2 protein chains.
Amino acid sequence: LSLSQAEIKRLRSFSTKKGRRTAGLFAAEGVRLLEEALNSLLRPETVYYAPALLAERGLTLVRQFGSLRVKTVEISARDLARVSATATPQGILAVFAAPSEELSQLYRPGMRTILVCENVSDPGNLGTLCRSARAFAFDLVILVGECAEPFSPKVVRASAGAMFGLPVAVTPLAELEAFVRDKGFTLVAADVRGTSSIGDVVATVPGSRLMLAVGSEADGLSEEVLHLAGHGVRVPHETCVESLNAAVAGSILMKECYDCARRRTV
Amino acid sequence: LSLSQAEIKRLRSFSTKKGRRTAGLFAAEGVRLLEEALNSLLRPETVYYAPALLAERGLTLVRQFGSLRVKTVEISARDLARVSATATPQGILAVFAAPSEELSQLYRPGMRTILVCENVSDPGNLGTLCRSARAFAFDLVILVGECAEPFSPKVVRASAGAMFGLPVAVTPLAELEAFVRDKGFTLVAADVRGTSSIGDVVATVPGSRLMLAVGSEADGLSEEVLHLAGHGVRVPHETCVESLNAAVAGSILMKECYDCARRRTV
């Protein structure tokens, strides 16, 4: 029931980027979040749980992981608090192998809608954008520039489990440029100075192969990405507010892409 | 140039709810945020600034406050760090008288669209919802239940300054019920089990007097508010994701109300 010092150190290391990169693993915590993992293709390497902290719903989840042949390890509430990245641990923590972030490995020819995030450094915004991307049927997320790390605890939490089911590639800008050109995608930039309506743009995209690019909260997209984009779109709103939250603006635009696609297939 | 211990203590007290309530004041920090205050009706009581931390844009802002006869006090970077609620202070902090939170004082008969937040306890979500409310021309925000405190540093920051220009009432549920009935508003509930489309609902609201209610991230709206609502609306999305982020869902619904209102006036 007691974790060794080495194991505690290993589990704690996943709260840092260096620790996650070195091990090729990441951790996620909480009953709701890990229920989402159960619904995805990603299987944990190990599930650690403290029965004293879990209600029936949590214990059921542990049994479900067990029946999928995932290794489940009972630990004390005290040890769980030691390895948790949160102030109030919920009683369950799972360790996963980090998925590939290679664009060439993640891309599949059938993919039609892709979200590009550039310099989205706030983990809450990045997680929220991934959650909306999955909700609005985007097939892939590509991160360029200085984004938050996709499998950090805050991003995983803000994604509400979307990270378990959504391929996320991290790629240099030069590779993105080549990708857009080679795969025949139309890149649409979320831009407060944009003049097109997302609905009008989506209707004209050849083969519905659309990439939507969202930039940083403070500065929007870089000149390079704006230049690469065929269209700049904005969400119309009152001018008393300079801009919307980046995750809100991106989500609204994804939602409109989703609505257009649904209208087309009806 | 040096703040007294008493003044430092006073300014630090605004980072707690008790301190803000006792003094009837709140503090906001940062150049971008306080530029928004300059564009609003809310005037600071005092602006504290550390020239060593400010670039030209910040110094210009200080001069603009000065020309509006706001008291500006130069302090050392060290003192600013002492009173700041952030890890990396930006060089300017302003103290404001907290606006009224009384629904009866804030409501004006010309108001047409109102956002209701119930148990929105995450300050980032509450601030983001207020930012979107202002962007999408909502006239008033009403908080019921256990919401984050509207003038806490995190809410003010997440609102990107919307709090300076948006009336925010805090009220018991019973008063909300009486208000909806007496003022002839139609209350629409954001509800994952909702069956109506927001566009269809908005089109039928008498006199366009619409209230949109958004609930907590974890549990949605209470039975009481759902019961009070004439309609339940949801944002259609893929079922692989249980729900959208509360601020995203609320913002999307507000955006659709805004679009409907614009179409009607065109």
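Below, all heavy atoms of this structure are taken into account, side chains as well, without hydrogens, waters or symmetry copies. The structure displayed is predicted, hence computed values, not measured ones. Here is the naming used below: chain letters follow the sequence lines, and residue numbers restart at 1 for every chain.
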Peer 1: Heavy atoms only: give me the nearest A:E36-B:E242 pair and the separation to one decimal.
Peer 2: OE2-OE1, 3.8 Å
Peer 1: Under a 4.5 Å heavy-atom cut-off, does chain B meet the side chain of A:N245, its backbone, both or neither?
Peer 2: both
Peer 1: Based on non-hydrogen pairs under 4.5 Å, which of A:A218, A:S40, A:G124, A:A247 is most in contact with chain B?
Peer 2: A:A218
Peer 1: Is the number of heavy atoms from other residues, nucleotides or ligands within 6.0 Å of CD (B:E146) greater than 12?
Peer 2: no
Peer 1: Given a strict heavy-atom distance threshold of 4.5 Å, which part of B:A135 is in contact with chain A: side chain, backbone, both, or neither?
Peer 2: both
Peer 1: Examine whether an atom of B:S243 lies under 4.5 Å from a heavy atom of chain A, and if so say whether it belongs to the side chain, the backbone or both; otherwise answer neither.
Peer 2: both
Peer 1: If we define contacts as heavy-atom pairs under 4.5 Å, which of A:V235, A:L244, A:D259, A:V248 has the most with chain B?
Peer 2: A:L244
Peer 1: Would you mind checking which part of A:E35 comes under 4.5 Å of any heavy atom in chain B, side chain (CB onward), backbone (N, CA, C, O), both or neither?
Peer 2: neither
Peer 1: Does the pair A:E217/B:R32 count as a salt bridge with the N-to-O cut at 4.0 Å?
Peer 2: no
Peer 1: Which atoms form the tightest heavy-atom contact between B:H237 and A:Y258, and what is the distance?
Peer 2: C-OH, 3.4 Å
Peer 1: With a 4.5 angstrom heavy-atom cut-off, which part of B:T128 approaches chain A: side chain, backbone, both or neither?
Peer 2: side chain
Peer 1: If you count heavy-atom pairs under 4.5 Å with chain B, which of A:G161, A:G127, A:G250, A:P236 comes out on top?
Peer 2: A:P236
